[in-house]
Amino acid sequence: MDQRRVRILKPGKEKKGIIAYWMSRDQRADDNWALLFAQKMSLASHVPLVVIFCLVPHFLEATARQYLFMLKGLQEVETALATHNILFFLLTGSPEKTIPTFVKRFDVSFLVTDFDPLRIKQAWEKNVGEKISIPFREVDAHNVVPCWIASPKQEYGAHTLRPKIRRLLPEFLTPFPKLQKHPYSFRTQAQRNNWNQIFNGLTVDNTVPEVTWIKPGEAAAKKVLLDFLRSTLAGYGRLRNDPTRDGQSHLSPYLHFGQLSAQRVTLEVIRSNVSPAAEEAFLEELIVRRELADNFCFYNSSYDAFKGFPRWSQTTLNDHRKDSRVYSYTLKELENAQTHDDLWNAAQREMTVKGKMHGYVRMYWAKKILEWAETPEQALSVAIYLNDKYELDGRDPNGYAGIAWSIGGVHDRPWKEREIFGKIRYMNYRGMKSKFNVSGYIKKVIENK
DNA sequence: ATCGGCTCGCGCAA
DNA sequence: TGCGCGAAGCCGAT
């Protein structure tokens, strides 16, 4: 494995004792560079390997929809790890407490975690590091090109990140070694996790129910990937922006929870021998756009705030604060899809019912919130609130970057100045109608197809 | 249907 | 210092 994937969070020499991988963003047994790295270290030291996951109650306001998708995936991870002689611990509570306690209790000698650019994970890592005295490593198991290697700074747009990724891709797009059956067993009194008890004990928002059109877990993810390669990839470039067609990959929930590796998807797409145009269109989204979102969140800690917008955008939005808003809605009205705009209502309804709004409509949806909100700050917080509450892949850098693009011109350029938006790119109903069959989309959402 | 202008600033060439 | 060009568009002219 390329050592540039690994960052040293805490240096130090390894003592005797087991090695632990604190799994967080990359919730899978296969194709996981953080797990593979932890196993390599354990094999070199001839010690057992364990995997820990910290279940945080009320994580960033996540709902039953997201918790159940995640936990069912983790249940599968436990089984897969067990066949490799690796124990899986599900701890409940804040990682800042549970991880150091675990390290002490089981004499962990070396700690590995996976990379996540969001503030909360970065803070957890910092606080865990301060409370332990063993070496601590972070592995970027999510991106094909590790975030800090792709670029050392916040990029201005896809066009500045793209050439950097392209140059490094041959170095990082390598096949995955197989996880080995671990030869060193961990003897402990720890009992297997009681999943029913975990599901029933959840004290999260139950008003947002599970969805059934997409199944959680690594096995389901691989099946969806196969279906995509077989039937959708060839037309991806042509159909992905038409929400009345089934032209998307549907992989984002799996990628978000790390139930599927973007690098695995890339390898399979290339192996599929699809046309170069379709391959390029899809890899642009899968790699360049996703890794740009990680870059944005990692290097801009205000990724969900007005002050995280580029200067020109803050200036122009400030110039238009006093513009009169023609429409205005309460959060409840928005949440219940009760606006005058039937396309917007359909988009909102698609999200609340399916847990996934079509990518192209998402831009329109967020820009309308800016148009109707009293301030850009309110627009931002409402869009993030709704996205994180209903989307299966809420709380993802992709979501924050997408909303910042729509409302704050992040990774975009200025356009013709107008009311409220200032120089932020404008989108309207007329434009949507010229791009796809709006009434067909609305009908499709209402019929829940 | 198609085209240019809108408007900012990076990044590279010179 | 100059210049080309960019994540998803709009608008008006032709």
Side-chain angles (χ1 to χ4, degrees), chain A residues 150-168 235-245 247-249 252 277-297 299-300 303 308-320 323 326 341 343-344 347 350 356-371 383 387 396-438 441:
Chain A
S151 169
K153 57 169 189 159
Q154 186 185 339
E155 292 294 332
Y156 288 85
H159 63 107
T160 58
L161 183 63
R162 193 179 297 112
K164 298 179 180 178
I165 296 225
R166 242 172 238 249
R167 200 169 50 239
L168 290 163
Y236 184 80
R238 204 162 34 90
L239 300 179
R240 77 192 156 92
N241 279 347
D242 185 343
T244 65
R245 307 291 296 267
Q248 295 187 302
S249 72
S252 67
E279 178 182 309
E280 194 183 319
F282 181 66
L283 294 186
E284 169 73 16
E285 305 297 315
L286 179 75
I287 303 177
V288 177
R289 202 189 117 189
R290 277 184 55 261
E291 305 207 357
L292 181 63
D294 262 35
N295 170 280
F296 173 58
C297 293
Y299 292 112
N300 186 337
Y303 53 78
F309 295 169
R311 177 123 341 136
W312 67 265
S313 149
Q314 294 191 39
T315 305
T316 194
L317 287 169
N318 281 333
D319 288 345
H320 290 270
D323 294 358
V326 178
D341 179 334
L343 170 56
W344 194 93
E350 180 178 40
K356 198 163 179 294
M357 189 191 303
H358 191 280
Y360 191 70
V361 186
R362 274 197 209 191
M363 299 183 281
Y364 176 82
W365 173 86
K367 284 184 181 291
K368 287 292 136 180
I369 295 177
L370 171 62
E371 189 175 334
N387 182 73
D396 191 279
N398 274 321
Y400 297 118
I403 289 170
W405 179 87
S406 300
I407 295 176
V410 169
H411 302 146
D412 203 7
R413 59 176 150 152
W415 299 87
K416 195 172 129 100
E417 193 165 9
R418 65 178 64 236
E419 294 281 284
I420 303 174
F421 285 81
K423 293 169 184 172
I424 301 292
R425 183 195 298 256
Y426 180 63
M427 288 175 91
N428 66 2
Y429 200 101
R430 202 178 79 166
M432 292 294 109
K433 265 172 55 175
S434 74
K435 293 266 160 45
F436 63 91
N437 177 357
V438 169
Y441 169 68

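Chain A is the first sequence line, chain B the second, and so forth, proteins listed ahead of strands; every chain is numbered from 1. Values below: every heavy atom of this structure, side chains too, minus hydrogens, waters and symmetry copies. All figures in this text were calculated on a predicted structure; none of them were measured in a lab.
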Residue [X], side-chain atoms from C-beta onward, closest of [options]:
X	options	answer
A:Tyr426	C:dG6, C:dC10, C:dA8	C:dC10
A:Tyr360	C:dA7, B:dG9, C:dG9	C:dG9
A:Asn241	C:dA8, C:dC10, C:dA7	C:dA8
A:Pro414	C:dC10, C:dA8, B:dC8	B:dC8
A:Arg413	B:dC8, C:dC11, C:dA7	B:dC8
A:Arg162	C:dA8, C:dA7, C:dG9	C:dA7

For this session: Compare side-chain N and O positions of A:Lys435 against OP1 and OP2 of C:dC10 and report whether any pair is under 4.0 Å apart.
Result: yes
In whole angstrom, give the distance that lies between atom [atom1] of [X] and atom [atom2] of [N].
X	N	atom1	atom2	result
A:Asp242	C:dA8	CG	C1'	14 Å
A:Lys367	C:dC10	NZ	C1'	11 Å
A:His159	B:dC10	NE2	P	10 Å
A:Ile424	C:dG9	CD1	P	16 Å
A:Tyr156	B:dC8	OH	P	16 Å
A:Asp412	C:dA8	CG	C1'	8 Å
A:Lys423	C:dG9	NZ	P	21 Å
A:Arg418	C:dG9	CZ	P	14 Å

Exercise. For A:Lys416, does the NZ atom have more than 12 heavy-atom neighbours from other residues, nucleotides or ligands under 6.0 Å away?
Worked result: no
Exercise. Does a sphere of radius 6.0 Å around CZ in A:Arg162 hold more than 12 heavy atoms from other residues, nucleotides or ligands, not counting ones at 6.0 Å or beyond?
Worked result: yes
Which atom pair, heavy atoms only, marks the closest approach of [X] to [Y]?
X	Y	result
A:Ile407	A:Leu317	O-CD1, 3.8 Å
A:Leu343	A:Asp341	N-OD1, 2.9 Å
A:Trp344	A:Trp365	NE1-O, 2.9 Å
A:His320	A:Glu417	NE2-OE2, 2.8 Å

Problem set entry | A:Arg289: partners by salt bridge (Lys or Arg N to Asp or Glu O under 4.0 Å), with sequence neighbours left out | A:Glu285
Problem set entry | Runs of at least three Watson-Crick or G-U pairs with DNA chain B, cut-off 3.5 Å | B:1-6 with C:9-14, B:8-13 with C:1-6
Touch class at under 4.0 angstrom, heavy-atom based, for [X] against every strand present:
X	answer
A:Trp415	base
A:Arg311	nothing
A:Lys153	sugar-phosphate

Exercise. Are side-chain heavy atoms of A:Ile424 and A:Trp312 found at a separation under 4.5 Å?
Worked result: yes
Rounding to the closest angstrom, what is the interatomic distance between [N] and [M] at atom [atom1]?
N	M	atom1	value
B:dT7	C:dG12	P	15 Å
C:dG4	B:dG4	P	15 Å
B:dC10	C:dG9	P	24 Å

